[in-house]
Amino acid sequence: EYALYYAKQHSKAEPVFFSHEHERLIFANSAMEQALRHADLEKEMTVEFQPVLDLSAGHSRGVEALARWYSPQLGRVRPDLFIKAAENIGMIGHLTEVLFRKAVAEAVHWPADLILSFNLSAISLTSAGPVQRLLSIADRAGMPSHRLMFEITESAVMKDFDSAQEVLAVIRNAGCRIAIDDFGTGFSSLAYVHRLPIDTLKVDRSFIRDLTRNEKSANVLRSILGLCENLEMDCIIEGVETQEQFDLVTDLGGVYIQGYYYSKPLSAGDTHMVLQIEFENDVRDVPPARLAV
Ligand code: C2E
Ligand code: MG
Ligand code: MG
Ligand code: MG
């Protein structure tokens with residue numbers, strides 16, 4: 001099945017010869033799909049949380065939920081890989097609900113008004129059902145919808161713009177926020193940004209990686225910050241790792257910052273502790289890196 005898929009992608013009329021690397025990849029993917037099919041999702045799937053710092057408030061503005069899978073057979077598997085595998089085998093809907101329920105169960109205990117941000121895959125945007133099920137999970141858990149943000153990528157929106165537009169309207173009408181994730185890596189068609197109910201752009205970390213090496217990156221980032229200001233959107237700068245990057249980003253006027261500099265993704269317990277500390281002490285005058293567990 002996988003070999004065929006691979007061949008379809010890569011061939012026109014020519015026969016496809018599989019290299020060892022191809023073979024290895026196909027084997028690894030089917031092993032992962034196999035393990036995922038039989039996984040005990042309740043036990044093997046967990047969620048980590050990465051704070052997003054709000055420099056103007058002096059504490060976290062919200063937290064992004066990030067899926068973690070520990071498979072007894074395979075060990076830790078990267079989320080971008082197992083999310084893709086779950087999409088391939090038609091499990092993404094169920095997996096997303098399990099992850100979301102776990103994330104919300106934590107978020108209801110956090111200090112008031114902190115936003116829980118949750119990644120949606122492209123398939124969740126093809127019809128309203130998946131999102132409606134998430135909204136009722138939140139409702140049952142007592143999670144107010146204004147504290148929820150859904151992250152979607154540009155490519156997910158562009159796959160089927162009309163359906164995505166309808167699903168985003170459902171999210172918005174429920175009172176939740178919407179962020180474009182990895183902004184700048186996809187089609188980056190500025191034409192769609194103002195046609196969709198988007199609150200927040202999350203600038204992809206590739207821009208920040210280049211910031212100290214390439215002068216033009218600073219100009220690009222400045223433009224994106226300007227765009228957000230003009231369209232009254234928040235701008236989260238992703239992937240801030242070093243003091244130098246932090247200084248450059250704040251000089252450019254960045255206010256919302258996510259990255260290893262402030263905090264790596266944390267376990268549920270550590271998240272609770274960090275948020276508690278933040279809300280007891282204003283962290284504006286403390287070097288933020290010191291908060292990281
Ligand atoms: P993303 O949504 O863009 O999440 C940010 C990723 O960047 C996370 O990787 C995070 O750990 C990493 N990161 C954060 N700060 C830094 C930094 O300063 N430097 C570096 N190098 N990396 C940083 P992670 O957890 O491996 O997740 C990868 C991707 O998997 C996510 O990218 C998202 O697209 C997907 N993903 C994760 N959880 C879920 C989920 O529950 N549902 C869906 N559909 N996708 C998910
Ligand atoms: Mg994200
Ligand atoms: Mg991202
Ligand atoms: Mg990403």
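When a ligand or atom number is given, it counts from 1 through the structure's own listing order. As the structure is a computational prediction, the values presented were derived from the model and not from experiment.
The main-chain N or O of Val52 is never found under 3.5 Å from a side-chain atom of Glu64 such that the two would form a donor-acceptor pair.
Within ligand 1, counting atoms from 1 as listed, the ones closer than 4.0 Å to a heavy atom of Arg205 are 6 (C), 7 (O), 12 (C), 20 (C), 21 (N), 22 (N), 23 (C). For ligand 1, the atoms closer than 4.0 angstrom to any heavy atom of Glu64 are 1 (P), 2 (O), 4 (O). Within ligand 1, the atoms closer than 4.0 Å to a non-hydrogen atom of Leu99 are 41 (O), numbered from 1 in the order shown. For ligand 1, the atoms sitting less than 4.0 Å from at least one non-hydrogen atom of Glu241 are 17 (C), 18 (O), 19 (N), 20 (C), 21 (N), numbered in the order shown with element in parentheses. Which parts of ligand 1 touch Asp181 is read off a 4.0 Å heavy-atom cut-off, strictly below it: atoms 1 (P), 2 (O), 3 (O). Against a heavy-atom cut-off of under 4.0 Å, Pro265 is close to the following atoms of ligand 1: 11 (O).
At the Mg ion (ligand 3), the angle from OE2 in Glu238 to OD1 in Asp182 is 140° when rounded to 10°.
When distances from the Mg ion (ligand 2) to the N, O or S atoms of Glu151 are compared, OE1 comes out shortest. When distances from the Mg ion (ligand 2) to the N, O or S atoms of Asp181 are compared, OD2 comes out shortest.
Remark: Arg205 does not engage Asp182 in a salt bridge, criterion side-chain N to carboxylate O under 4.0 Å.
Taking the six-membered ring for Trp and thresholds of 30 and 60 degrees, His59 and Phe279 have ring planes inclined between 30 and 60 degrees apart.
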